[in-house]
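Just so you know, ligand 1 is whichever comes first in the structure, and atom 1 is the first atom listed for that ligand. Numbers here are sequence positions counted from 1. Because the structure is a prediction, the values reported are computed rather than measured.
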Amino acid sequence: MRKQEFFGMAREEAVALLAAAPVVRLASVGERGQPVLRSLHAVVLDHWLYFHAAPVGEKSEAVGNEAVIAADETIATIPSHVFDPERACPATTYYLSAQAHGTLHAVDEPGLKARVLQALMEKHQPEGGYAPITADDPRYRGAVKGIAVVGMPLTQVDGKAKLGQNRGADDLGKVLRFLWARGEPGDPRAVDLVRAANPSVPTPEFLQAPAGARLRCAMGPRDLAEAVELLAGQYWNVDVPRDRIARAQVSSSAWVGARDEAGALIASGRGIADGARCAFLLDIVVAEAWRGRGLGKALLKLLLDHPQVRGCRRVLLRTRDAQSFYKAYGFRERVELPGTEMVLNR
Ligand SMILES: CC(C)(COP(=O)(O)OP(=O)(O)OC[C@H]1O[C@@H](n2cnc3c(N)ncnc32)[C@H](O)[C@@H]1OP(=O)(O)O)[C@@H](O)C(=O)NCCC(=O)NCCS
């Protein structure tokens, strides 16, 4: 197998990367054949990528020409010493990248122009606070007419996910342990992505879980709906609206979880933590069908070892009836505050 073949990315993932990128880059040629390279806000609608432009300028000049539009995301830098104590050669960066090739088309139809502009607003000003853009709204008619909108059909799209696929199991084990130990902000997510890209890599010790369960170091927006489903019925959340439960998960400093072999979310736990002094653990839950099999322990161990939590000297949580579960990890009831609070001093 050629090296390149390791890194292929599914077309939908490449399109998703282009769609989600805060900024994409456009390479094309202008009227005089001069090279054009621009950074753009772009949206994907109905298998086309669109951006807006001034009616006069290099972006509009490129209409009718071939172009490449690209996006990328750095996942983690991997220093050489992970693989070799002396040689610099193995230093690398793990990343995702995607590019679309095609011809640029001017969009003249006001309804579609307005849809593109509205989609750009929804992407970059998701909180709203404006009247939605439509072509026949008198507040926008002039603007829709005056702004150029350019599109490229997403027929030729490819991507690359460089996540260690060219490395053997031993090296990947080193990478996973290094990322977890380094614990920079993107590193827990990098652990999850490297494992997902290399499904046969043995599970490192810090991710050991009961058979059939797979721990996740960095839960995110894609996990949200299922996590809220697990949490909404729990006794401490009965009066908490679902959107608040959701906001709390994504705003946490540490959010870990687990999925079963079919991909369903079966556990979730989070912490708000300063990485050095104090952490508070919340919303720790295991799906009913999975309770009593050791998954809660594995989840708690991972959460306590999370880079944002592991350095904290004081770890707090509240529980109504799971004291014995936490005591096994050194938590004690707080004597200075009788009641439901427990604290782990370390
Ligand atoms: C508490 C919870 C997360 C534990 O998860 P789990 O996967 O069932 O736990 P494990 O299988 O890893 O069991 C860990 C140990 O804790 C004990 N334990 C589990 N739940 C407990 C509870 N609610 N109270 C007391 N002990 C409990 C188990 O008996 C087990 O003991 P053992 O090792 O001596 O056999 C899970 O039961 C749950 O989601 N409960 C409902 C939500 C909840 O109460 N969350 C905690 C809020 S603070």
Tell me, which protein residue and heavy-atom name are nearest [atom], and how many Å apart are they?
atom	value
atom 39 (O) of ligand 1	Val286 N, 2.8 Å
atom 11 (O) of ligand 1	Gly294 N, 2.7 Å
atom 45 (N) of ligand 1	Ile284 O, 2.9 Å
atom 8 (O) of ligand 1	Gly292 N, 2.8 Å
atom 7 (O) of ligand 1	Gly296 N, 2.7 Å
atom 37 (O) of ligand 1	Arg291 CD, 3.3 Å
atom 24 (N) of ligand 1	Asp321 O, 3.0 Å

Between [Y] and [X], is there a salt bridge with N-O shorter than 4.0 Å?
X	Y	value
Arg242	Glu229	yes
Arg259	Asp223	yes
Asp274	Arg277	no
Lys327	Glu333	yes
Asp171	Lys174	yes
Arg115	Glu109	no

Donor + acceptor pair across side chains of [X], [Y] (<3.5 Å):
X	Y	result
Thr203	Arg214	no
Asn198	Gln165	no
Tyr329	Lys297	no

Would [atom] count as contacted, meaning some protein heavy atom under 4.0 Å?
atom	answer
atom 22 (C) of ligand 1	yes
atom 35 (O) of ligand 1	no
atom 28 (C) of ligand 1	no
atom 48 (S) of ligand 1	yes

Are any side-chain N or O atoms of Glu58 and backbone N or O atoms of Val36, one a donor and one an acceptor, separated by less than 3.5 Å? no

Are side-chain heavy atoms of Tyr130 and Tyr140 found at a separation under 4.5 Å? yes

If we only count heavy atoms from C-beta on, is the Val250 to Trp255 side-chain gap below 4.5 Å? yes

Would you mind running through ligand 1 and noting each atom that sits below 4.0 Å from a heavy atom of [X]?
X	answer
Ser324	25 (C), 26 (N)
Ala322	22 (C), 23 (N), 24 (N), 25 (C)
Gln234	41 (C), 42 (C)
Trp236	42 (C), 43 (C), 44 (O), 45 (N), 47 (C)

Give me the ring orientation class for Phe206 and Trp180: parallel if the planes are under 30° apart, tilted from 30 to 60°, perpendicular past 60°. parallel

Arg318 near ligand 1 by a heavy-atom separation under 4.0 Å: yes

Of Tyr329, Phe325, Tyr235, which has the heavy atom at the shortest distance from atom 17 (C) of ligand 1? Phe325

Got an N/O contact under 3.5 Å between Lys297 and ligand 1? yes

Quick check: does Val285 get an N/O under 3.5 Å from an N/O on ligand 1? no

For ligand 1, the portion of Tyr326 having any non-hydrogen atom under 4.0 Å away: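 The answer is the side chain of Tyr326.
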
With heavy atoms only and a cut-off of under 4.0 Å, state how Arg320 meets ligand 1: side chain, backbone, both or neither. neither

